[in-house]
Amino acid sequence: MAYKPQFGPGMSIVAQNRRKQMDPNHKLEKLRDVTDEDIVLILGHRAPGAAYPTAHPPLAEQQEPACPIRKIVTPTDGAKAGDRVRYIQFADSMFNAPCQPYQRTYMECYRFRGIDPGTLSGRQIVECRERDLDQYSKLLIETEVFDPARTGIRGATVHGHSLRLAEDGMMFDMLQRCVLGADGNVKYVKNQIGEPLDRAVNVGKPMDEKWLKAHTTIFHSLVGTPFREDQEYVEYVQRIHSLRTKYGFMPKEV
Amino acid sequence: MAKMTDATYPQCRIVPARFLNPETVEKLLNRLLEVGGIRKLVLNGQRIPPTVPYGPARGQPNPHPMRRVIRVGDQDVELQVQVGTILLELEDRAPIDGIRKACDEVFTKFPYSLSEGKFMKTQATVSDYAKYGPGADERILGTTDPKSRGGPLIIQGTK
């Protein structure tokens, strides 16, 4: 029988959402339109419309050593062109953000090629070739894994994921990269490292509480789905914990 | 060591469920001033620096709508934090009901908690000692960060 990945345990809506996001066959729901130029502005790595700066000559123009792995792996577009490696970093609020750092890394590893994710408690960074980054960022911002209020695109000074929200429902940001306008739309006024943008970039309206609760991948006992209510998840985590404690890195079940 | 004659002043802590906008802080503080009987008041929260503190954009100005000057009584107060917690030290327990009423009036869109306890330091720490020396005025301990250049703000009451 062919191997069918299960992606993760759990019966709760949170567990289902986690599996959905990780499953590369599930098409992420597109919720907003952000143009390529806007994405380049938020990322702040190069001027919109500028050519991709390169770190090395295109692969076609340089001599490659005889290597069996290079024969097996098709290079991504960015690698083929010799682009620089650049990044996008997200901070996700614990108050029912649609994605969270570990989940992002799992999801990206299932869905994207040629990436180097870095996972931390409150933020997640993904590095890859610039050309690929633009595509991946577009997907990460336009689809259901992003919420303008609860998710922040933050290259530096990311603090805020575990804090109370502001009165208008926005996650705390020391640099206030995005502001909730009077029309209900969230606009980025600074790029991800905090440099002011020439024009504000609209990323749409924040999703409502009901939608967030139904689409979140974070357990939260006060505002969302409590972890303890998902029996299967608890059982799974306890099993892993017990195996690790008893057997270290070579678990054996008798 | 505390002397028998040392008065202990009751302290309160107000924790709203959301971080506050400057307008809400202004409203609440002015209501608290009306209630009166407050010896010290500390606005705690996440600091909002005037310039970007680190990263590639370090040193660039950091315009932030939450960092602005509010008017409390007849004084201008420059907020340096996005207010999350308000600590109070009172003359006696009498104004607590008034404070609760003021909070009920201001925090209408989200809940808050008001608790009584001990929330401010009463003795000089090493940092306080380094800043103020041996004879520090006990009234200003805990009201301001001893490492910052600015001191506490004094709003004259009717006393």
Side-chain angles (χ1 to χ4, degrees), chain A residues 41-46 84 86-89 91 93-96 122-123 125 149-150 152-182 186-197 200 206 209 220 222-223, chain B residues 13-29 31 43-68 70 78-87 103-115 145 148:
Chain A
L41 280 172
I42 296 177
L43 292 177
H45 297 310
R46 65 191 172 96
R84 304 177 301 179
R86 284 295 175 266
Y87 66 90
I88 185 167
Q89 183 166 256
S93 171
M94 285 163 63
F95 288 99
N96 285 343
R123 60 195 164 109
I125 186 168
R150 310 290 165 96
I153 307 166
R154 304 180 179 185
T157 54
V158 293
H159 185 56
H161 83 283
S162 61
L163 302 175
R164 277 168 281 164
L165 301 171
E167 280 185 45
D168 56 7
M170 299 287 287
M171 177 167 54
F172 174 80
D173 183 3
M174 192 155 95
L175 304 186
Q176 197 81 20
R177 275 157 273 228
C178 51
V179 281
L180 182 64
V186 174
K187 290 194 175 82
Y188 271 77
V189 292
K190 297 179 185 174
N191 67 14
Q192 60 172 345
I193 55 162
E195 290 165 339
L197 293 173
E209 284 300 331
H220 198 295
L222 296 176
V223 294
Chain B
R13 182 175 65 181
I14 303 168
V15 187
R18 294 280 176 111
F19 280 150
L20 303 179
N21 290 342
E23 298 77 44
T24 318
V25 179
E26 194 170 32
K27 214 163 130 192
L28 179 72
L29 293 192
R31 274 294 283 117
L43 298 175
N44 264 341
Q46 299 296 322
R47 192 175 140 71
I48 298 166
T51 55
V52 178
Y54 41 81
R58 183 176 172 174
Q60 286 200 16
N62 178 31
H64 199 299
M66 297 300 161
R67 186 190 171 93
R68 70 173 185 87
I70 59 171
E78 197 198 352
L79 288 178
Q80 298 180 13
V81 295
Q82 183 160 10
V83 179
T85 310
I86 298 138
L87 306 179
C103 291
D104 285 335
E105 280 172 30
V106 177
F107 302 134
T108 46
K109 289 183 192 150
F110 45 87
Y112 71 95
S113 76
L114 175 68
S115 46
D145 177 7
S148 83

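Note on naming: letters A, B, ... go to the chains in the order of the sequence lines (proteins, then strands), and numbering restarts at 1 for each one.
- Here the CG atom belonging to Asp173(A) is positioned 6.0 Å from the NE2 atom belonging to His64(B), to the nearest 0.5 angstrom.
- Nearest approach of Pro65(B) to Gln176(A), heavy atoms of both residues: CD-CG, 3.6 Å.
- Looking at every heavy atom in both residues, Ala156(A) comes nearest to Pro56(B) through CB-CD, 4.4 Å.
- Contact of Pro53(B) with chain A is made through the side chain alone, with heavy-atom distances under 4.5 Å.
- When all heavy atoms are compared, the tightest approach of Ala166(A) to Gln82(B) is CB-NE2, 3.7 Å.
- Interface residue Tyr54(B): backbone and side-chain heavy atoms are both found under 4.5 Å from chain A.
- Heavy-atom distances place no part of Arg67(B) under 4.5 Å from chain A, backbone and side chain included.
- Looking only at side-chain heavy atoms (C-beta outward), Thr85(B) and Arg164(A) come within less than 4.5 Å of each other.
- Atom CZ of Arg58(B) sits in a sparse spot, with 12 or fewer heavy atoms from other residues, nucleotides or ligands closer than 6.0 Å.
- Residues Asn62(B) and Lys190(A) have side chains in contact (heavy-atom distance under 4.5 Å, counting atoms from C-beta outward).
- Atom CD of residue Glu167(A) and atom CZ of residue Phe107(B) lie 8.0 Å apart, to the nearest 0.5 angstrom.
- Side-chain contact between Gln46(B) and Met174(A): absent, with no pair of heavy atoms (C-beta onward) separated by less than 4.5 Å.
- Most heavy-atom pairs under 4.5 Å with chain B, from the set Ile193(A), Leu165(A), Asn191(A): that is Leu165(A).
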